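Report on the structure given below.
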Amino acid sequence: MSPAVIRPALTADVAAIRRITAPYIDRRVLVAKPPVAYFEALQQFIVAETSGQVQGCGALHVFWEDLAEIRTLAVARSARGQGLGRAIVERLIEQARRLGLSRVFCLTFETAFFARLGFVPIQGAPVTPTVFAELLRSYDEGTAELLDLDRVKPNTLGNTRMLLTL
């Protein structure tokens, strides 16, 4: 297998992103999204490509001046164990630093994986009450997950909140 190319996602990659994320959605590891949501968030996504095929994806969603979330991290089953997930997360962390962020959040079942990258478990939302009140105005479901709002609890059961300070 050729070395992975990590690059910004293109509109042509959305079908592959949906194919890669589908098994995780079926197992309720990732939250289901309509196709339009992937196109609307395309600028947040990067992909890992090997031998000309998209084999992994991940997105960086900015919440506030100092905080972003790594979300929709997935690697095709056939490409697991090759370091693609790590390469995607490392690139997203680099992107967070370039944007001037000081913290990166994730909501995950893969605690050992994220711990190896420096993330630590946290309790509650990693924002002040004032920022919390501002974020309540967001229509983004991921923001509702960050804030641990009751309406998203069925989607977050069993997940661990983890934070990396840059």
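Computed from heavy atoms alone, side chains included, the values below leave out hydrogens, waters and symmetry copies. Bear in mind that the values here come from a model prediction, so they are computed numbers and not experimental data.
Between A87 and I6 the shortest heavy-atom distance is CB-CD1, 3.9 Å. Nearest heavy atoms, F45 versus Y38: CZ-CD2, 4.0 Å. In terms of heavy atoms, A79 sits closest to L84 at CB-CD1, 3.7 Å. The two residues I25 and A32 make their nearest non-hydrogen contact at CG2-CB, 3.6 Å. Closest heavy-atom contact between A68 and L101: CB-CD1, 3.4 Å. The minimum heavy-atom distance linking V54 with A16 is given by the pair CB-CB, 3.8 Å.
In this structure the side chain of C57 reaches within 4.5 angstrom of the side chain of T21, judged on heavy atoms. Two residues are said to be in side-chain contact when any heavy atoms from C-beta on lie closer than 4.5 Å; S78 and Q55 meet this criterion. Residues I46 and Q95 meet the side-chain proximity criterion, which asks for heavy atoms closer than 4.5 Å. At least one side-chain heavy atom of P35 sits under 4.5 Å from a side-chain heavy atom of R18.
Between atom CD1 of residue I70 and atom CG of residue L107 there is a gap of 12.5 Å, rounded to the nearest 0.5 Å. The SG atom of C106 sits 8.0 Å away from atom CD of E69, with the distance rounded to the nearest 0.5 Å. Put simply, CD1 on I88 and CG on L60 are 13.0 Å apart, with the number rounded to the nearest 0.5 Å. If you take CZ on F39 and CG on L42, they are separated by 7.5 Å, rounding to the nearest 0.5 Å. Rounded to the nearest 0.5 angstrom, L117 CG and E110 CD are separated by 11.5 Å. Summarising the geometry, atom CZ belonging to R77 is positioned 12.5 Å from atom CD1 belonging to I20; distances are rounded to the nearest 0.5 Å.
Put simply, L166 and F114 are part of the same group of oily side chains (I, L, V, M, F, W, Y) that touch within less than 4.5 Å, one to the next. M162 is not connected to L67 by any chain of hydrophobic side-chain contacts under 4.5 Å among Ile, Leu, Val, Met, Phe, Trp and Tyr, and they are in different clusters. I17 is connected to Y24 through a chain of hydrophobic side-chain contacts under 4.5 Å among Ile, Leu, Val, Met, Phe, Trp and Tyr, so both are in one cluster. Transitive grouping of hydrophobic side chains (ILVMFWY, heavy atoms separated by less than 4.5 Å) brings F119 and V62 into a common cluster. Linking Ile, Leu, Val, Met, Phe, Trp and Tyr residues whenever their side-chain heavy atoms come within less than 4.5 Å places L92 and L99 in a single cluster.
Residue R27 places its CZ atom among more than 12 non-hydrogen atoms of other residues, nucleotides or ligands, all under 6.0 Å distant. When the shell of 6.0 Å around CZ of R7 is examined, it contains more than 12 heavy atoms from other residues, nucleotides or ligands.
Side-chain contact annotation: K33 with T72, donor-acceptor N/O pair under 3.5 Å present.
Checked against side-chain hydrogen bond (donor to acceptor under 3.5 Å, both in side chains), Q44 has the following partners two or more places apart in sequence or in another chain: H61. Legend: residues meeting side-chain hydrogen bond (donor to acceptor under 3.5 Å, both in side chains) with R86, ordered by chain and number and at least two apart, are E90.
Using a 4.0 Å cut-off between charged side-chain N and carboxylate O, E94 and R97 make no salt bridge.
Using a distance-only test at 3.5 Å, with no hydrogens or angles considered, no donor-acceptor pair links the side chain of S51 to the main chain of Q53.
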